[in-house]
There are 2 protein chains.
Amino acid sequence: MPTSDNSSPPVYREIAEELRSAITSGSLADGDRVPGENELMRRYGVARATARQALSLLIHEGVVVAVRGSGVYVRAFRPLRRHGPRRLSRELWGNGRAIWQADSGQRTFQTDTVEVTEIDAPEHVARALSLAAQERVFKRRRRHLLDERPMQLAASYLPVELATGTVITEPDTGPGGVYARLGELGYGPAHFTEEIRVRMPTPEESEQLHLEPGTPVLDVMRTALTEQRRPVEFTEMTLDGSAYVLQYDFDA
Amino acid sequence: MPTSDNSSPPVYREIAEELRSAITSGSLADGDRVPGENELMRRYGVARATARQALSLLIHEGVVVAVRGSGVYVRAFRPLRRHGPRRLSRELWGNGRAIWQADSGQRTFQTDTVEVTEIDAPEHVARALSLAAQERVFKRRRRHLLDERPMQLAASYLPVELATGTVITEPDTGPGGVYARLGELGYGPAHFTEEIRVRMPTPEESEQLHLEPGTPVLDVMRTALTEQRRPVEFTEMTLDGSAYVLQYDFDA
DNA sequence: CAGTGGTCTAGACCACGCA
DNA sequence: GCGTGGTCTAGACCACTGA
């Protein structure tokens, strides 16, 4: 019985390993078809569940995608580049020093489901904006699409006393967006702090971002501060991890 | 037969959903035991494979961990904070504005498996350092531990002509590390650029970082440049995604 | 309509933990 | 030594793709 004798990996891991190295070695390229369940059953003489387990491993590692009724395919990574401090990055940019090649060319950006509400500040938002717990804030929620594909969910929060009665409470905030409007009100952001963490998505996020299994998301939390370091806006973004490379440039 | 009638989710997803909401609602707290396979079989009247599939989903989402011979438990998230431009961040720091609380207090950092070799520059390294392909570079490989726990794999690359004959080629580079030594040689880093992406780990990385299933990793690629914007060092780091929060501060 | 992946059942043996 | 999760088999029906 080939369960697993002493200290040798289980069968499904060995099958996965062979497929994985075929992919990393390049003998299977991006988009290529990978041997499916039936093929693996034949080739290795295993039950269907075992073949599926091997494929499941690769799917959860994000190296392949399964398409119902069609087959299993090698997955590509073609990210969009997101700059932190953009102004600084351009000068560094021309030298061809990028590690991951980002998609370029003309692409269409869209934003859908803009929604503005006034709510009690959640605890972490109150902390970020230096507000008392439960103080009222405006919340602006939206989803960003690139070439029709959703890649980012975002929600911004602003203290009510800054936003009330301004265009900030409207879905469309006009040229330059919220930051430009804050500037006109004398609260122009001068400093930013961003916190990044990684995790696997919730099922809701998977659905809204059309994520393949095995795709992590990035949480980016940005606080915008005035020259006097008063926090005026807080944004939490959830990014499709397979769609982004984040770039930050700074000085010693 | 409850396979899945029109447009209702499969059984294992519904089981997972119930467990997930018990966790997010707080009725199951960090470290609490989650109903295991046998319990789910009884409670929902499903086969073992179906109960396992539900748990597998949660495991791959990173919300629970399975411990062989013991049970399934709610997973905690206690990150370490990693600052990009540290100097700037300190002033922002005291205000209690952090979104995720980072572990503080005395913790022990260690580095093991330091390994220095001279190799042909891989393609992406050559690009980062503005070298011709295959030029020789020194590679410094290491693993960083926090409280005995591995959390980061790192490899740095330096052009041979900068490092040859210096302490940079030794395992221990002395106080201030490689950057201090580069400074003494007249190549002190003044600018940095970091590129970040997310992905699921390879099995080797899972093993070296002791990663639970459902834990993504962060790839951080940093290039250090002199005042004249000459690239002098390139570092690629792979971080345990469950162990880190990255922080970047910058000005408008 | 043949082939693919998705869900589900019923059963087996194993390695490990913990009391 | 019982209960836990880990691996594996054999077989069923389903939903979907694509020629």
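Just the heavy atoms: all of them, side chains too, but no hydrogens, waters or symmetry mates, feed the values below. No experiment lies behind these values; they were computed from the predicted model shown.
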Exercise for the section: Any chance you could lay out the salt bridge (Lys or Arg N to Asp or Glu O under 4.0 Å) test for A:Glu37 and A:Arg42, step after step, and finish with the verdict? Expected result: CA-CA 9 Å; A:Glu37 303 178 353; A:Arg42 279 193 298 274; over 6 Å; no
Handout entry: A:Leu145 vs A:Thr111, side chain to side chain contact (heavy atoms under 4.5 Å, CB included): CA-CA, chis, key distance, verdict
Key = CA-CA 6 Å; A:Leu145 311 176; A:Thr111 300; over 6 Å; no
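Seen from the ring of A:Phe77, B:Arg197 counts as a face-on cation partner, given the 6.0 Å and 45° thresholds.
Under the rule for a salt bridge (charged side-chain N to carboxylate O under 4.0 Å, His left out), A:Glu170 has no partner lying at least two apart in sequence or in another chain. Residues passing the side-chain contact (heavy atoms from CB on, under 4.5 Å) test with A:Met41 are A:Asn38, A:Arg48, A:Ala51, sequence neighbours excluded. Residues satisfying the side-chain hydrogen bond (donor to acceptor under 3.5 Å, both in side chains) criterion with A:Arg199, sequence neighbours excluded, are A:Glu205, A:Asp219. Under the side-chain contact (heavy atoms from CB on, under 4.5 Å) criterion, A:Glu118 pairs with A:Arg136, A:Phe138, A:Val160, not counting sequence neighbours. Under the salt bridge (charged side-chain N to carboxylate O under 4.0 Å, His left out) criterion, B:Arg43 pairs with B:Glu39, sequence neighbours left out.
Residues of residues 32-45 of chain A having a heavy atom closer than 4.0 Å to DNA chain C, listed by number: A:Arg33, A:Gly36, A:Glu37, A:Asn38. Residues from residues 52-63 of chain B with heavy atoms under 4.0 angstrom of DNA chain D, sorted by number: B:Arg52. A heavy atom lying under 4.0 Å from DNA chain C marks the following residues of residues 66-73 of chain B, by number: B:Arg68, B:Gly69, B:Ser70.
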Strictly under 3.5 Å: I want the nitrogen or oxygen pairs between protein and nucleotides 10-12 of chain C, one per line.
| residue | atom | partner | partner atom | Å |
| --- | --- | --- | --- | --- |
| C:dA12 | N6 | B:Arg48 | NH1 | 2.8 |

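Side-chain atoms of A:Glu14 and A:Tyr44 form no donor-acceptor pair, as typed in the model, at a separation below 3.5 Å. In this model, no donor atom of one side chain and acceptor atom of the other lie less than 3.5 Å apart for A:Tyr248 and B:Glu195.
End-to-end axis angle of the helix from C:dC1-D:dG18 to C:dC18-D:dG1, using five pairs per end and rounding to 10°, comes to 10°.
For A:Thr193 (side chain) and A:Thr223 (main-chain N/O), no donor-acceptor pair under 3.5 Å exists by modelled atom type. In this structure, the side chain of A:Arg222 does not engage the main chain of A:Val220 through any donor-acceptor pair within 3.5 Å.
Rounded to an integer number of Å, the gap from CD1 of B:Ile15 to C1' of C:dC8 is 11 Å.
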Under 3.5 Å donor-acceptor pairs involving side-chain atoms of residues 55-64 of chain B, not counting sequence neighbours:
| residue | atom | partner | partner atom | Å |
| --- | --- | --- | --- | --- |
| B:Glu61 | OE1 | B:Arg20 | NH1 | 2.6 |
| B:Glu61 | OE2 | B:Arg20 | NH1 | 2.7 |

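Sorted by first then second residue, the side chain to side chain donor-acceptor pair (under 3.5 Å) pairs that include residues 63-74 of chain A, not counting sequence neighbours, are A:Ser70-A:Tyr73.
Using a 4.0 Å cut-off between charged nitrogen and carboxylate oxygen, A:Glu17 and A:Arg13 do not count as a salt-bridge pair.
For the OP1/OP2 pair of D:dC8 and a distance below 4.0 Å, the side-chain nitrogens and oxygens of A:Tyr12 include no atom meeting the criterion.
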